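Following: one structure in structure tokens, then a few remarks.
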Amino acid sequence: MEETSSLSLEEMFGKKILQIRKDMNLSQQEFGELVGYHRTYIGQIERAEKCVSIKTVEQICKALNISVQELFDFSNLKMFLDSKSSIKK
């Protein structure tokens, strides 16, 4: 089980993008096409290998029709991480 308090902001953001993508049942390719970025860039964001710009955040929010506040709401991230780790067992 991964504690969200031990994650950096980049890691929490990446996990949130992963959570949204999984909730939408999209591949990285499909999600990338939806938000206007290449699938490899989406993967890098999810793995916290890339720090995104404010412009990228804005573009993702517009494509998903969500607010920046919703994108940075990590309150249910722990539940997502817990369910993900229980699936791996």
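Predicted model only: the values in this text are computed from it and were never measured.
Between the CD atom of Gln19 and the CE atom of Met12 there is a distance of 12.5 Å, given to the nearest 0.5 Å. Taken from SG in Cys61 to CD1 in Ile54, the straight-line distance is 11.5 Å, to the nearest 0.5 Å. Atoms CZ and CD1, on Phe13 and Ile60 in that order, are 4.5 Å from each other to the nearest 0.5 Å. The distance from the CD1 atom of Ile45 to the NZ atom of Lys15 is 14.0 Å, given to the nearest 0.5 Å. Expressed to the nearest 0.5 Å, how far NZ of Lys22 lies from CD1 of Ile20 amounts to 13.5 Å.
Contact check for Val35 versus Ile42: side-chain heavy atoms found under the 4.5 Å cut-off. Contact annotation: the side chain of Leu18 never approaches that of Phe31 to less than 4.5 Å [non-hydrogen atoms, C-beta and beyond].
The minimum heavy-atom distance between Leu71 and Lys16, with the atom names listed, is O-CG, 3.3 Å. Closest non-hydrogen pair, Gly43 versus Gln28, comes out as CA-NE2, 3.4 Å.
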Pair Met24, Leu64 - check side-chain contact (heavy atoms from CB on, under 4.5 Å), show working. CA-CA 10 Å; Met24 296 176 75; Leu64 299 177; 3.8 Å; yes
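Salt-bridge check for Glu30 with Arg21: failed, with every basic side-chain N at 4.0 Å or more from each acidic carboxylate O.
Partner Tyr37 forms a side chain to side chain contact (heavy atoms under 4.5 Å, CB included) with one of Gln44, Lys50, Gln59 and no other, that one being Gln59.
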